[in-house]
Each structure stands twice: as structure tokens, then as C-alpha cells.
Amino acid sequence: MTNKSQNLIKILPFNFIVFGGDGDLAYRKIYPALFHRFADKQLKMEFNICCITRTSNNESNIMASIKTFIEASIDYEIEKNVLEEFFKKIKVIVITKPTIEEYRTLQEFIDNTSERQNVYYLSTPSSAFGVISSMLKKAKILNKNSKVVLEKPLGFSLKSSKEIQTQITKSFSESQIYRIDHYLGKETVQNLMVLRFANHLFEHSWSSEDIDSVQITVAESLGVEKRGNYYDKSGALLDMVQNHLLQLLCLIAMEPPTKLEAESVRNEKLKVLNSLRMFNDKSVLTQTARGQYSRGKINDASVPSYLEDIDNYESNTETFVAIKAFIDNWRWKGTPFYMRTGKRMAKRYSEIIINFKSVRHNVFDANEEIPGNKLIMRLQPEERIELVQMTKLPGPGGYRYRPISLKLDYVDSFEERFPEAYERLIIDVLRGQQTLFMHQKELEAAWKWIESITNSWKKTGMKNILYHAGSWGPGDQIMNEKHKWSKSNKNDIETI
Ligand code: BG6
């Protein structure tokens, strides 16, 4: 069963203009995403890609890097010549300064007279968004077919995110703005919607009546790599929770939208964000934990501490955060949503666990509590869904039971290649579908809640707890005994 109407939206011919076109994100994600959609014959229409760089005399190196990254991303057979055909569509343009003259060089590339859509992908620090969008306007190269894609972080506070919005909306209207959060393009995240809204079984018990708690974990074994400058200003809370984890929380907690279209979905997510209980100086101490990695071992190799990684021994930036959040609405009253994320953790994995309540009474042994069912959605590294249920151990000797997991492994169940999140989201931009992109109101509501944490951290002077690289961080202290993270990490559930 497919939703055919989505597939029917035609993609108009397009120009794809990437600011920050020689940056890490563009090389690793944007060009490969466009290439794979092209190789899959989804982009049969005319199109061009323009990589904007600020460095002159470097065009051939940039083209070489684009090729290297695309080639490295190919893990299936491709038709002969498809790479060459794709590379012919890419042009590197140098804009060293924000002047009208320099921006006008784009005019050659952008044919405003045709029905082509022009997508401006701003893969730059958000401090550049205002200048770029105003220069595009001043150089008179925007039209009704223009769209702008904004990469996170969208500011570093509610105030700065509002300022960005004021600047951007001088050149683009809200319907032309696509605020990207690549977590919403992940297959399992989208499957969460199908699981919830296409299965009566789950939707029926999707509330605090039946759900004891929800855990959202995004653990990374990598450190801050070469992004220390940026990361030290944001930390785990702003880098991951403000966007990715909150968006996951919204999809789990929102009411069913009337239709799977932008306005309905965004409205429901916004209601969730507005119902998040704000933190204060008291609750922040017992319901959040923050940590920073010290030296340790990942896969048996020694790795430096965060302070060594960024070469700044004063930094109090958190590389780990755990939060016990509550949503004050009818559906979720009293159900804690535990979120945690960190760098340099024991391994890379992301998952959502829905912990169902235990049965009311244990008929096998009234003195013992039977652990509740769990619905586990694993986002990465492998994508799968598990339903953990109690099962009788075979054989005589009374009723002995154990948690056993029914497992749906995506890779084993479907033969198709799994498109990367960016592939899906870029196609949505080209089709003009904003459902998986955040509205400014969502962003502001998220910032308000995040600031209730950062302000309380500041006021209480809450310090980081050091954790060894390669461990699970300090999050357990805010969890209830039943659902300590260290327990769920043990993987002690058998699967069938
Ligand atoms: C980015 C963060 O948004 O997401 C990075 O800035 C993080 O710090 C990355 O590593 C994680 O994405 P993924 O898809 O690898 O889980």
C-alpha cells in the first residue's frame, strides 16, 4: 500500500545553489544526495547545481572533492556514464564579498525568465543567512519560484533565532522557507508515523494510561572532530536536543493530524512544544544531567578528552545531556520523556523506547511485578523495530517467563536501497512539501523551553559531570530504578 498522491507531485526543472558549497556538509550530504536521486532516475528533468565558494582559484580542487565524496558514497551498481552526466551539471561560482556585482554573477546561472525553480541552500553559519538573503534580493535574482533551505543551528537563542527570521523574511515568505532537520528524513522516523497512525493496536494505547515512560537516546561514539569552534558555542543541548531530539519527541507525542500535510502536522507538533513543562532552578537540578567527556577508550583505542580536542582547558560546554521532560496535556500527564544524547559514548546508536505499563496483577506470582512491554524503534546504526513481550519458557516446571523480542529488521525485510535522510528531504523541497520541515513557530517554542534549561543551569551554576570517553555518561541519576539506561543498554532481551 502506498500513498500515491505524494508520488504524483511533479518536480519542476531547477537550479540548486549551495552557499557554503565547499563545506563539509555539502560534500558529505548535499551533493551525494542529489547524485543518488539522479542515479535513481528521479531527477529526469533539467537541472543545474551551483556550488558557491568564497575562495578563488580553487575551482578544480572543489570539483575533485565533490567527485571524491560522491564516489565514496556509492555502494551499489550504477549505469555507465551516470557520474559524468551528473558532474556536467555542476558549476563552481566564486563570490568573495557580499556585493551586488558579485551576486549578479549568479544571474548567468539563474534563468529567471523560465519556469525553473531556484533553490538556495544555505549551508553556512546562520550569521550569514541575513546577508545572503538580502544580497539575493538586492541583486534582483529572486522570484516567486525561489526557495531557501536553512541548515541548523538557527541561532543560539530565542532572540537570535527571531533576528534571523526577521532578516530572512525580508527576502522570502514563510512558504518559501525550508528549515531542515535531517532526523525527520530518516526512514525509521517516518515509519514512526506509519506505526502510530496506521496501526490501531498502538494508537489505542498511546497515552499515559498505558505508557509508563518514553526514552529517546541518540548516542555517538565520535567526538567533536573538526567542529570544535562551533560545538563549543552550542554544546549537546543546542546541537542535538533543541532540534533532533525535540522533533522526535513531537512525533511520538503529537495528536493524530487531520491529514499528513504541512499545516496539520506542524500545528500538532507545535501544541506538544507549547505543552512542555518549563524547567526552574529546582527541577533543573533533579531532572537534568550534563556531562563532558574526559580521556577514555573507544573500540580499544585511547581518545583524548573534550578539552584536549578543542584545546581550551576552561570550557564548561556539555558534550552529554540527559533530561526528564513532562508534557502537561491530557494525553501525557505524568509520563516522563527521558532524552539523552552525548558524544564519545560507548557506541553509536539511536533509539526510541516506549515502555508500556506492567500488567495490573501478576497471576503467576502476586509478589512479583511483570516487566511491561516495550516498543523499540532503532534508528541507527541498523533500522529496526522490536516489540518486547513476555513469553513462557518451553517445558514443564511451571510458568517461567522471559522477555522475548519480535523483531522487524528493515534491511532484511525490504530489498530496496535505503535513501539517506537528505535525499528524501531535498526531494521534498523540490516538490514544495513542507511537512517534514519546521515552522518558525515550532522553532520559537523549542527555544523557549530550551532557554528554561540554559537559564536555570546558569542561575544554579550547574557543572558538568566528567565521564570517560567510551562510557554511557552520567544520565542514570535522573531515571527511575525500573528504566535506568544502563539496564536497557545491556541488550539482555532475546529476539525471535
Ligand atoms: C548534527 C549535529 O545535526 O547531527 C552533529 O550537529 C551530530 O553534532 C549529527 O553528529 C548526528 O547526525 P546522525 O544522522 O549521524 O545521527
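When a ligand or atom number is given, it counts from 1 through the structure's own listing order. Just the heavy atoms: all of them, side chains too, but no hydrogens, waters or symmetry mates, feed the values below.
- Atom NZ of Lys89 has more than 12 neighbouring heavy atoms from other residues, nucleotides or ligands inside a 6.0 Å radius.
- Ligand 1 places these atoms under 4.0 Å from at least one heavy atom of Lys343: 5 (C), 7 (C), 8 (O), 10 (O).
- Taking distance alone, with nitrogen or oxygen atoms compared against 3.5 Å, Tyr230 stays at or beyond that limit from ligand 1.
- For residues 447-460, the side-chain hydrogen bond (donor to acceptor under 3.5 Å, both in side chains) pairs, not counting sequence neighbours, are Thr288-Trp457.
- Looking at atom 12 (O) of ligand 1, its nearest protein heavy atom turns out to be His182 NE2, 3.1 Å.
- The protein heavy atom nearest to atom 5 (C) of ligand 1 is Arg227 NH1, 3.4 Å.
- Taking any N or O of His244, backbone or side chain, at least one lies under 3.5 Å from an N or O belonging to ligand 1.
- Of the listed options Arg348, Lys186, Gln380, Lys186 places a heavy atom closest to atom 14 (O) of ligand 1.
- Every residue two or more places apart in sequence or in another chain was checked for a ring pair (Phe, Tyr, Trp, His ring centres under 6.0 Å) with Tyr231, and none qualifies.
- The ring-ring contact (aromatic ring centres under 6.0 Å, His included) test with Trp472 singles out one residue from Tyr467, Phe320, Tyr349, and that residue is Tyr349.
- Taking the centre of each ring, Phe47 and Phe38 come in below the 6.0 Å mark.
- Close placement of the His182 and Tyr422 rings is indicated, their centers lying within 6.0 Å of each other.
- Looking from atom 9 (C) of ligand 1 to the surrounding protein, the closest heavy atom is Glu220 OE1, 4.1 Å.
- Scanning all protein heavy atoms for the shortest distance to atom 16 (O) of ligand 1 gives Tyr183 OH, 2.4 Å.
- Considering both main-chain and side-chain atoms, Tyr231 never comes within under 3.5 Å of ligand 1 through any nitrogen or oxygen pair.
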